Amino acid sequence: MLDELHVQNVALIREATFAPAQGLTVVTGETGAGKTALLSAIKLLVGERADASTVREGAQGAVVEGRFFLPADADNADDGHIACRKVSADGRSRVSIDGSMSTVRQLAEQLGATVDLCGQHEHQHLLKPANHAAMLDAWAGDAIASAKAAYIEAFNAEQAAAAELARVREASQASAAQLEEARFTLARIDEVNPTLDEYDELMAELPRIENAEALAQASDGAYWGLSGDGGAIEAVNSAIASLESLTTADAALEPLVSSLTDASYILEDASRDLREYRDGIDHDPHALERLQERASTLQGLMRAFGPRMEDVIERRDAAAKLIESVDDSSRVIAQAEIAHAAAEAKLVEAAKAFDDARNAAAPKFGEQVNAQMARLEMGGAELLVHVDPLERAQWTRAGASKVEFMYRAGTGMTPRPLARIASGGEVSRVMLACKVVLGEADARDTLVFDEVDAGVGGSVAVALAAVLADLAKTHQVIVVTHLAQVAVRGERHFMVKKTAGAAPNESEDANAAEAAIPETTLCELGEDERVREIARMLSGDASETSLAHAKEMLKNAR
């Protein structure tokens, strides 16, 4: 959800702040007032392309900042995400998200994906057939989810089986040189027969063997220093005996005696451990030679097939597989073909179940969309959901069929793809109907409508306003509108107004010249201001009659 938008030097906007409601927000103003400048700012913030023409004339650059709240992001529930897009006068663009440098692509993927611009054809999510399957699947929910998951699992399994079959077939055709190299690799590594952790264990052991004599001498000296005549243990025990007989004379000695007793136990344990360590040292003069030779052999393997022992083991396994594939190619290929055939059969079965689920959901989705289109009095127009099977080679993780929304303008007319609908207002209303039906299943939180009321009036305008209000129950909806019937339903109402700059004299400085450029302002309307704006939208003036009508409409809309 877009919480707040701050705009500087975009088109005719010098500076503006826009804070839409969670539900329905309406933007109104005279024709030519610059409402498209606000839309341009939103497009910049969701990752649309930008160029120098976006920047207000005379400014060094444009800046758009916005705060988004994402429902799936509980960690940022308080602060949301802050995005900033800067476009310089030479067309260069910079992006930051939460204070860190980002790319336009990251902006589009992380935040722009939650906003749907439902106005101009080139920005409409609905016009891309690639999105239709996802919309149908999202709407159908559990009715399709299990079949879709089973299909994706089967598709991945078939892809893995096909890759393995291709591998064994390729391996069976290995050249004589490849086979000879594999046999040499296998023989060389198996001759040494290393284990995965052997080298690390050996390198930890070598320093102990190399320093066996010094370790033995040190541990022996430490042992006798503790346990020999006059050693530490004897000295501590003597101290205990000296103090213990006097504890009856002064109880303060008892803690000292206790501490010395504990120290005596610790020293005795250490003495015992030192003796065991000393006696366990291997003095075999040949052990060092054996370990050094083994280490050298393992290092030779790692130089040839490494650099790590893990790489040596992997090279050994790969060589063994290649030899097996060649020596027993018929059996290995047959096994891989059987596994692939089984995976393919499961995929075909899963694809049929998935298509059946989509075919069952498609007409129901179409019926609900058509019911909303009927509310909008679209003259008998219909949305048809086609689920057409694809050739096997065209199957993807998205499914084994192509889902496309087709539009029929009237009974008896040929359905056509939505992208070929000429009227921007017409396709926007189809989008509106789809979005109402999708409800909370729609992944896009914010919907921005620009041309949804094109060519609309009378009872259709009332119906359109009601549908937008319904949509605002599950989405954040921002509507640029010329209809008073829509404007009165908004939770917040913003007005766009353009002021013409005065022509500067030749002697005036750059600031005066900039002030002469027309400027678009954006402001949220209070109750009285809103009444006047609705009155203007109704009759073009603020007569007593139009003001009374505006008040009545606002009252009834609540």
Side-chain angles (χ1 to χ4, degrees), residues 156-157 159-226 266 269-333 335-336 339-340:
N156 291 338
Q159 292 283 290
E164 176 62 13
L165 177 58
R167 187 195 67 78
V168 298
R169 283 175 173 169
E170 181 180 0
S172 69
Q173 299 173 1
S175 66
Q178 290 174 316
L179 184 59
E180 182 179 354
E181 181 183 358
R183 292 190 190 282
F184 170 79
T185 298
L186 184 63
R188 172 83 184 278
I189 297 175
D190 281 355
E191 181 182 6
V192 178
N193 193 27
T195 60
L196 186 60
D197 299 323
E198 180 183 4
Y199 182 73
D200 291 338
E201 294 171 355
L202 188 150
M203 295 309 292
E205 180 67 18
L206 262 176
R208 290 194 290 270
I209 302 300
E210 290 173 339
N211 296 281
E213 185 175 350
L215 291 171
Q217 290 177 354
S219 57
D220 184 68
Y223 170 74
W224 289 111
L226 292 176
I266 293 172
D269 290 342
S271 174
R272 182 178 59 255
D273 293 342
L274 278 168
R275 185 179 66 249
E276 292 176 357
Y277 176 81
R278 180 199 63 188
D279 295 344
I281 293 176
D282 187 0
H283 293 279
D284 183 358
H286 302 294
L288 176 60
E289 183 179 350
R290 288 196 303 271
L291 287 179
Q292 289 175 332
E293 183 179 349
R294 182 65 176 175
S296 177
T297 302
L298 294 177
Q299 288 168 350
L301 285 182
M302 290 190 290
R303 283 194 299 271
F305 307 108
R308 303 171 304 159
M309 187 55 67
E310 291 92 331
D311 302 316
V312 175
I313 301 299
E314 288 178 6
R315 285 285 295 275
R316 188 263 173 214
D317 294 341
K321 285 184 178 180
L322 178 60
I323 294 169
E324 181 187 16
S325 298
V326 175
D327 291 349
D328 197 9
S329 60
S330 297
R331 181 185 63 81
V332 173
I333 291 175
Q335 288 180 339
H340 180 254

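These numbers come from the heavy atoms of this one structure, side chains and all, not from hydrogens, waters or symmetry mates. From a predicted model like this one, the values you see are computed outputs, not experimental measurements. Throughout, numbering of the chain's residues begins at 1 and tracks the sequence.
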Could you tell me the separation between the CD1 atom of Ile266 and the CG atom of Leu226, rounded to the nearest 0.5 Å?
12.0 Å

Which heavy atom of Ala336 sits nearest to which heavy atom of Val168, and what is that distance?
CB-CG2, 3.7 Å

Do side-chain atoms of Thr185 reach the backbone of Glu181 as a donor and acceptor pair under 3.5 angstrom?
yes

State whether the number of non-hydrogen atoms from other residues, nucleotides or ligands found under 6.0 Å of Glu289 atom CD is greater than 12.
no

For Glu314, side chain to side chain contact (heavy atoms under 4.5 Å, CB included) partners two or more places apart:
Asp311

With sequence neighbours left out, write down each residue that passes salt bridge (Lys or Arg N to Asp or Glu O under 4.0 Å) with Arg188, or none if nothing qualifies.
none

Once you round to the nearest 0.5 Å, how far does NZ of Lys321 lie from CZ of Arg316?
11.0 Å

Can any side-chain N or O of Asn211 pair as donor or acceptor with the backbone N or O of Pro207 at less than 3.5 Å?
yes

Quick check for you: to the nearest 0.5 Å, what is the distance between Glu201 atom CD and Leu291 atom CG?
12.0 Å

Taking atom CE of Met309 and atom CG of Leu301, what is their separation to the nearest 0.5 Å?
6.0 Å

Just wondering, do Leu274 and Arg278 contact through their side chains at under 4.5 Å, heavy atoms?
no

Any ion pair linking Arg183 and Glu180 (charged N to carboxylate O, less than 4.0 Å)?
no

Would you call Arg167 and Glu170 a salt bridge, using N to O less than 4.0 angstrom?
no

Got a sec, which residues hit side chain to side chain contact (heavy atoms under 4.5 Å, CB included) with Asp273, two or more places apart in sequence or on another chain?
Glu276

Measure the spacing between CG of Leu322 and CD of Gln178 and express it to the nearest 0.5 Å.
7.0 Å

With side chain to side chain contact (heavy atoms under 4.5 Å, CB included) as the test, would you mind laying out the steps for Tyr199 and Gln299 before giving the verdict?
CA-CA 8 Å; Tyr199 182 73; Gln299 288 168 350; 2.9 Å; yes

For the residue pair Ile313 and Thr195, establish whether any side-chain heavy-atom pair is separated by less than 4.5 Å.
no

Heavy-atom side-chain proximity of Ile281 to Glu213 below 4.5 angstrom:
no

